[in-house]
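Heavy atoms only: backbone and side chains are in, while hydrogens, waters and symmetry mates are out. Everything numeric here is computed off the predicted structure, so don't read it as measured data.
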Amino acid sequence: MSAAGSRGERAPGVADAFGACPIPIAQHEEVLLGHGSGGTLTAELLERVFLPRLANPVLDRMDDQARLEVDGARLAFTTDAFVVSPIFFPGGDIGSLSVHGTVNDLAVGGAEPLYIAAAFVLEEGLPLRDLERVVASMADAAAAAGVQVVAGDTKVVGRGACDGLYVVTTGIGRVPRGVCVAADGARPGDAVLVSGTVGDHGMAIVSLREGLGLEGTIESDSAALNGLVAEMLVACPDVHAMRDATRGGLAAVVNEIAAQSGVGVELDERSIPVREQVRGACELLGFDPLVVANEGKLVAFVPEAAAGATLAAMRAHPLGRDAACIGRVTGANPGQVALRTGIGGSRVLVAPHGELLPRIC
């Protein structure tokens with residue numbers, strides 16, 4: 001992530017163009033929940049602690065996966081931790097979520113996911129039936145995604161040392177020759193596509209926690225996106241940039257890609273699909289659906305000439321039937337995202353600063 005994108009600095013002329021300026025981030029001397037938000041505090045933590053000490057050409061690309069050349073093979077490699085609370089929720093659980101999250105981080109780099117390793121941290125007193133249910137769900141999700149869980153580890157900690165169950169996964173995949181999808185690949189003139197409705201996962205979790213009792217159940221969108229991505233790459237082998245919109249939601253992902261690619265992005269709020277139940281829950285709780293996490297949606301930046309064919313391929317897949325073109329990439333105001341609002345105005349869409357919904361993945 002570029003310094004401008006992560007620290008909330010603005011390009012010249014942004015205040016004049018949009019009438020707003022992101023708030024600078026203060027330095028913190030202890031870890032906050034917001035450091036896990038996927039937004040500006042996460043970027044601060046990376047730049048202050050991790051990147052100066054671990055920097056190397058692969059890590060410095062700051063993609064969701066590392067792309068490696070090993071004896072002529074192009075590999076993608078990723079790791080993730082899952083601490084969602086509660087561990088069972090409408091539309092999924094921590095087991096299926098851990099598979100989907102790992103598969104998706106590989107897939108949005110253009111890789112074919114192959115293998116997963118999983119480590120379990122168990123709290124003393126966790127009911128074995130819950131563990132069995134989680135592992136069975138993980139097995140089902142892996143089989144559906146076409147990957148195998150080939151290694152793992154188990155640790156048990158004392159009562160109160162963790163919240164029942166945490167899962168840490170590592171995934172490896174193969175990147176086909178000719179495929180080059182990267183977070184810094186967006187170019188002026190690209191169309192911005194989203195694979196479906198946003199905010200479903202985060203609002204499913206918070207609705208369950210808060211016991212909102214809304215009419216109808218909001219379900220998580222947790223799903224493996226590798227099949228959808230494969231169809232997209234057939235329609236458009238030259239996808240420039242792609243990411244799944246998890247922590248920090250659509251706003252965080254588009255800001256990251258704008259910053260890393262050094263481009264501006266203009267989004268149309270009226271084109272962004274949001275389920276009515278999710279919109280209602282967000283209004284009730286004061287959330288913006290554009291910053292709420294998803295676990296089965298991606299954002300892609302594709303050449304304008306290929307946008308129609310790519311969108312048609314997405315809509316033909318079950319996980320892309322609500323796909324939409326939501327904006328365009330510009331050469332103006334690099335690193336900034338402008339949102340044309342539903343009432344005809346314009347505002348800067350910034351990545352979330354703190355943690356709106358902790359423990360959602």
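Pairs passing the ring-ring contact (aromatic ring centres under 6.0 Å, His included) check and including a residue from residues 68-104, sequence neighbours excluded, read F89-H201. Applying the salt bridge (charged side-chain N to carboxylate O under 4.0 Å, His left out) definition to pairs two or more places apart or across chains, those involving residues 111-133 are E112-R174. Counting only residues at least two apart or in different chains, salt bridge (charged side-chain N to carboxylate O under 4.0 Å, His left out) contacts with residues 179-199 are absent. Listed by first and then second residue, the salt bridge (charged side-chain N to carboxylate O under 4.0 Å, His left out) pairs involving residues 303-324 are E304-R328 (not counting sequence neighbours).
Using modelled atom types, no side-chain atom of D63 and backbone atom of Q65 make a donor-acceptor pair closer than 3.5 Å. A donor-acceptor distance shorter than 3.5 angstrom exists from the side chain of R53 to the backbone of R48, with no hydrogens or angles considered. The backbone N or O of T169 lies less than 3.5 Å from a partner atom in the side chain of T79, making a donor-acceptor pair.
Taking the side chain as every heavy atom from C-beta outward, L122 and L165 approach each other to under 4.5 Å. V192 is listed as a side-chain neighbour of V299, based on a closest heavy-atom distance under 4.5 Å. Counting only heavy atoms from C-beta outward, the side chains of L208 and P90 approach each other to under 4.5 Å. Residues D64 and T78 have side chains not in contact (no heavy-atom distance under 4.5 Å, counting atoms from C-beta outward). At a threshold of 4.5 Å between non-hydrogen side-chain atoms, the residues I257 and H240 do not count as touching. Within the 4.5 Å cutoff, side-chain heavy atoms of R359 are placed close to those of R209. Side-chain contact between F301 and V263: absent, with no pair of heavy atoms (C-beta onward) separated by less than 4.5 Å. Using a 4.5 Å heavy-atom threshold, the side chains of L349 and V254 count as separate.
V83 and V135 fall into different hydrophobic clusters, where Ile, Leu, Val, Met, Phe, Trp and Tyr side chains are chained together by heavy-atom contacts under 4.5 Å. Each of V121 and L131 belongs to its own hydrophobic cluster when Ile, Leu, Val, Met, Phe, Trp and Tyr are linked at side-chain heavy-atom distances under 4.5 angstrom. Under the 4.5 Å side-chain heavy-atom criterion for ILVMFWY residues, no single connected hydrophobic cluster contains both L68 and V147. Under the 4.5 Å side-chain heavy-atom criterion for ILVMFWY residues, no single connected hydrophobic cluster contains both V58 and M62. Residues V291 and F287 share a hydrophobic cluster, clusters being chains of Ile/Leu/Val/Met/Phe/Trp/Tyr side chains in contact below 4.5 Å.
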**Request:** Please step through side chain to side chain contact (heavy atoms under 4.5 Å, CB included) for the pair F50 and L59, ending with a clear verdict.
**Result:** CA-CA 10 Å; F50 295 105; L59 182 63; over 6 Å; no
**Chi angles and distances behind the side chain to side chain contact (heavy atoms under 4.5 Å, CB included) call for V198, I272** = CA-CA 8 Å; V198 300; I272 300 171; 4.0 Å; yes
**Item:** From CA spacing to verdict: side chain to side chain contact (heavy atoms under 4.5 Å, CB included), R61, R67
**Value:** CA-CA 9 Å; R61 289 200 295 260; R67 292 187 302 280; 3.7 Å; yes
**Check against side chain to side chain contact (heavy atoms under 4.5 Å, CB included), E295 and I360** = CA-CA 10 Å; E295 288 294 342; I360 57 168; 5.9 Å; no
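Taking Ile, Leu, Val, Met, Phe, Trp and Tyr as members and joining any whose side-chain heavy atoms lie under 4.5 Å apart, directly or through other members, the hydrophobic cluster of L311 also contains V108, V175, V179, V181, L193, L225, L228, V229, M232, L233, V239, M242, L298, V302, M314, L319.
When all heavy atoms are compared, the tightest approach of P273 to I326 is CD-CG2, 4.4 Å. Summarising the geometry of A183 relative to Q260, their closest heavy-atom pair is CB-NE2, 3.6 Å, with the distance given to 0.1 Å. Nearest approach of N104 to N226, heavy atoms of both residues: OD1-N, 4.4 Å. Here the shortest heavy-atom pairing between D268 and L339 reads C-CD1, 4.4 Å. Between I218 and A281, the closest heavy-atom pair is CD1-CB, 3.9 Å. The two atoms that bring A76 and A111 nearest to each other are CB-CB, 3.6 Å, heavy atoms only.
Rounding to the nearest 0.5 Å places OG of S195 at 9.5 Å from CG of D244. Interatomic distance, CG of L290 versus CG of L267, reported as 8.0 Å (0.5 Å rounding). Note that CD1 of I205 and CG of D200 are 11.5 Å apart. Values are rounded to the nearest 0.5 Å. The structure places CG of L114 at 8.5 Å from CG of L106, a figure rounded to the nearest 0.5 Å. Distance check, rounded to the nearest 0.5 Å: CZ of R275 to CD of E219 gives 9.0 Å. Atoms CG and CZ, on N294 and R247 in that order, are 13.5 Å from each other to the nearest 0.5 Å.
The side-chain hydrogen bond (donor to acceptor under 3.5 Å, both in side chains) test applied to S98 returns no partner, not counting sequence neighbours. Residues passing the salt bridge (Lys or Arg N to Asp or Glu O under 4.0 Å) test with E69, sequence neighbours excluded: R74, R177. Applying the salt bridge (Lys or Arg N to Asp or Glu O under 4.0 Å) test to D288 and every residue at least two apart in sequence or in another chain returns R347. Residues satisfying the salt bridge (Lys or Arg N to Asp or Glu O under 4.0 Å) test with D238, not counting sequence neighbours, are none. For the salt bridge (Lys or Arg N to Asp or Glu O under 4.0 Å) test, no residue two or more places apart in sequence or in another chain qualifies with D80.
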Side-chain polar contacts of residues 136-145 - donor-acceptor pairs under 3.5 angstrom, sequence neighbours left out - could you list them?
{"residue": "S137", "atom": "OG", "partner": "D93", "partner atom": "OD1", "Å": "3.0"}
{"residue": "S137", "atom": "OG", "partner": "D93", "partner atom": "OD2", "Å": "2.8"}
{"residue": "S137", "atom": "OG", "partner": "S96", "partner atom": "N", "Å": "3.4"}

Between side-chain atoms of residues 148-159 and protein atoms elsewhere (two or more places apart, or another chain), which donor-acceptor pairs fall under 3.5 Å?
{"residue": "D153", "atom": "OD1", "partner": "K155", "partner atom": "NZ", "Å": "3.3"}
{"residue": "D153", "atom": "OD2", "partner": "K155", "partner atom": "NZ", "Å": "2.4"}

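Other residues, nucleotides and ligands contribute more than 12 heavy atoms inside 6.0 Å of the CG atom of L54.
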